[in-house]
Amino acid sequence: MNPEFTPDLIERLRVAQHILVLTGAGASAESGIPTFRDALTGLWERFDPTQLATSEAFEADPELVWGWYEWRRALVAGCEPNDGHRAIARMQSLAKKVTVVTQNVDDLHERAGSSGVIHVHGSINAPRCFDCDVPHEVSALAESEGRLPPPRCSECGGMVRPGVVWFGEPLPQEEWLRAESAARSCDAVVVVGTSSLVYPAADLPRLAQTAGAVVAEVNLDPDALGNAGDRYFLRGAAGEVLPALVDAVWP
Ligand code: OAD
């Protein structure tokens with residue numbers, strides 16, 4: 001068994017009444033979706049977020065921004081869930097209660113069989129009107145990459161925007177309240193593949209810890225480890241660590 005799975009951690013997960021699983025881009029990395037901040041491969045290493053991930057950027061150059069998100073939507077559509085997503089879905093079927101909160105805008109948790117997934121940074125498959133907020137049906141994926149004019153809203157004629165949270169925007173309120181409430185009421189948190197740099201999502205493990213929960217963090221990078229204290233660091237790839245962890249806790 002992985003030596004980082006200490007008997008104490010295994011027991012605390014086994015007896016937990018409510019486990020919060022918080023995922024970031026690292027959870028989807030083994031599916032082929034690039035993370036944001038990993039050196040060389042991260043999206044924010046290659047693209048400038050101020051030109052792509054703000055409402056000002058969309059207003060300044062809607063075709064650039066819409067085309068980039070359509071490229072990412074096509075990328076997600078061509079990827080499959082990995083063993084980490086499947087282990088989280090299995091955890092949901094074995095533990096008393098598991099709430100999955102994700103910062104990812106893909107739908108790989110759902111496709112792996114997880115239910116009730118809370119998307120605190122929105123969804124790439126849920127475009128809506130930039131002006132009136134009315135949801136817009138997703139269109140067929142474009143054949144070519146590059147600049148693309150955004151569709152028009154059927155209600156007001158405004159431009160349709162991607163359904164993701166951009167820098168400087170608040171999180172969707174209902175999703176955030178549900179995530180925060182899960183953090184305050186859970187007794188264990190499993191954090192997977194996040195650099196914990198983007199707030200307020202990065203605050204959820206701390207909130208849970210303050211309320212008495214144990215935190216286990218799965219990440220390739222030991223520097224991603226949050227503060228010490230009642231935390232366990234499980235170093236490795238989500239697709240390897242999570243299945244082994246689920247097997248160890250619910251044999
Ligand atoms: P980051 O790219 O900041 O961090 C990804 C983390 O995953 C890093 O700590 C990696 O070490 C780790 N990692 C990479 N591959 C892994 C693997 N196979 N298994 C385990 N860990 C792995 O991504 P996020 O923390 O998700 O915001 O970024 C947070 C937010 O910043 C995103 O939701 C996005 C971005 O700007 C919005 O779109 C609003």
Side-chain angles (χ1 to χ4, degrees), residues 2 4 21-58 65 68-69 71-73 75-76 79-88 100-109 112 117-127 161-172 175-176 179 189-206 215-226 231-245:
N2 184 324
E4 287 165 332
V21 177
L22 172 67
T23 64
S28 295
E30 289 155 87
S31 294
I33 300 177
T35 64
F36 294 94
R37 296 177 183 80
D38 279 301
L40 302 179
T41 56
L43 288 173
W44 295 154
E45 296 285 319
R46 293 190 283 144
F47 300 100
D48 179 357
T50 61
Q51 286 182 10
L52 293 163
T54 65
S55 57
E56 292 79 12
F58 184 66
V65 173
W68 191 70
Y69 280 94
W71 165 71
R72 283 183 57 199
R73 187 164 72 90
L75 185 71
V76 167
C79 290
E80 298 295 331
N82 64 56
D83 287 345
H85 296 110
R86 283 188 280 274
I88 292 167
V100 180
V101 175
T102 187
Q103 298 166 83
N104 299 341
V105 298
D106 64 52
D107 58 354
L108 296 184
H109 283 302
V117 181
I118 302 173
H119 284 266
V120 288
H121 288 170
S123 162
I124 199 133
N125 293 313
R161 58 162 285 173
V164 305
V165 175
W166 281 329
F167 289 104
E169 291 185 324
L171 303 197
E175 280 78 359
W176 175 249
V189 186
V190 179
V191 185
V192 183
T194 176
S195 56
S196 300
L197 291 172
V198 176
Y199 286 81
D203 235 357
L204 291 169
R206 191 193 55 79
V215 177
E217 195 159 348
V218 180
N219 202 301
L220 281 175
D221 175 7
D223 293 339
L225 178 60
R231 286 204 177 210
Y232 295 81
F233 186 50
L234 312 178
R235 184 175 185 180
E240 287 166 23
V241 175
L242 287 170
L245 182 67

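These values consider heavy atoms only, across backbone and side chains, with no hydrogens, waters or symmetry-generated copies. Note that the structure is a prediction, hence the values are computed from the model and not measured. Atoms within a ligand are numbered from 1 in the order they appear, just like the ligands themselves.
- E169 contributes no side-chain N or O that, together with a main-chain N or O of S55, makes up a donor-acceptor pair within less than 3.5 Å.
- Looking at E30, its side chain never comes within 3.5 Å of a backbone N or O of N82 through a donor-acceptor pair.
- Contacts between W166 and ligand 1, counted as non-hydrogen atom pairs separated by less than 4.0 Å, are absent for every part of the residue.
- For R231 and E217, the salt-bridge test passes: some basic side-chain N is under 4.0 Å from an acidic carboxylate O.
- Residue contacts with ligand 1, taken as heavy atom pairs separated by less than 4.0 Å, involve R37 via backbone and side-chain atoms alike.
- Geometrically, ligand 1 and G193 share a nitrogen or oxygen pair separated by less than 3.5 Å.
- With hydrogens and angles disregarded, no donor-acceptor distance shorter than 3.5 Å links the side chain of S28 to the backbone of S31.
- Residue contact check: G24 has heavy atoms under 4.0 Å from atoms 26 (O) of ligand 1.
- Side-chain atoms of S123 come within 3.5 Å of backbone atoms of N125 as a donor-acceptor pair (strictly under, hydrogens ignored).
- Counting the atoms of ligand 1 from 1 in the order shown, those under 4.0 Å from a heavy atom of T194 are 6 (C), 7 (O), 9 (O), 24 (P), 25 (O).
- When non-hydrogen atoms are compared, ligand 1 lies under 4.0 Å from the side chain of E30 (C-beta onward) but not from its backbone.
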### Message
The test is side-chain hydrogen bond (donor to acceptor under 3.5 Å, both in side chains); show your working for D38 and T41 and say whether it passes.
### Response
CA-CA 6 Å; D38 279 301; T41 56; 5.0 Å; no
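- Between A237 and ligand 1, no pair of N/O atoms sits closer than 3.5 Å.
- With T194 contributing its side chain and T23 its backbone, the two residues share no donor-acceptor pair below 3.5 Å.
- Ring geometry, H109 versus H85: the interplanar angle exceeds 60°, so the pair is classed perpendicular (tilted spans 30 to 60°).
- Contacts between V198 and ligand 1 below 4.0 angstrom, taking non-hydrogen atoms only, involve the side chain exclusively.
- Every heavy atom of V164 sits 4.0 Å or more from the atoms of ligand 1.
- Of all the heavy atoms of A29, the ones lying under 4.0 Å from any atom of ligand 1 belong exclusively to the side chain.
- Where the criterion is an N or O separation shorter than 3.5 Å, residue side chain and backbone included, F36 meets it with respect to ligand 1.
- Atoms of ligand 1 found under 4.0 Å from any heavy atom of A25 (numbered from 1 in listed order, with element): 23 (O), 24 (P), 26 (O).
- Judged by the shortest distance from any of its heavy atoms, G236 lies inside the 4.0 Å radius around the atoms of ligand 1.
- The shortest N/O to N/O separation between V218 and ligand 1 does not fall below 3.5 Å.
- Within the 3.5 Å criterion, the main-chain N or O of T50 finds a donor-acceptor partner in the side chain of D48.
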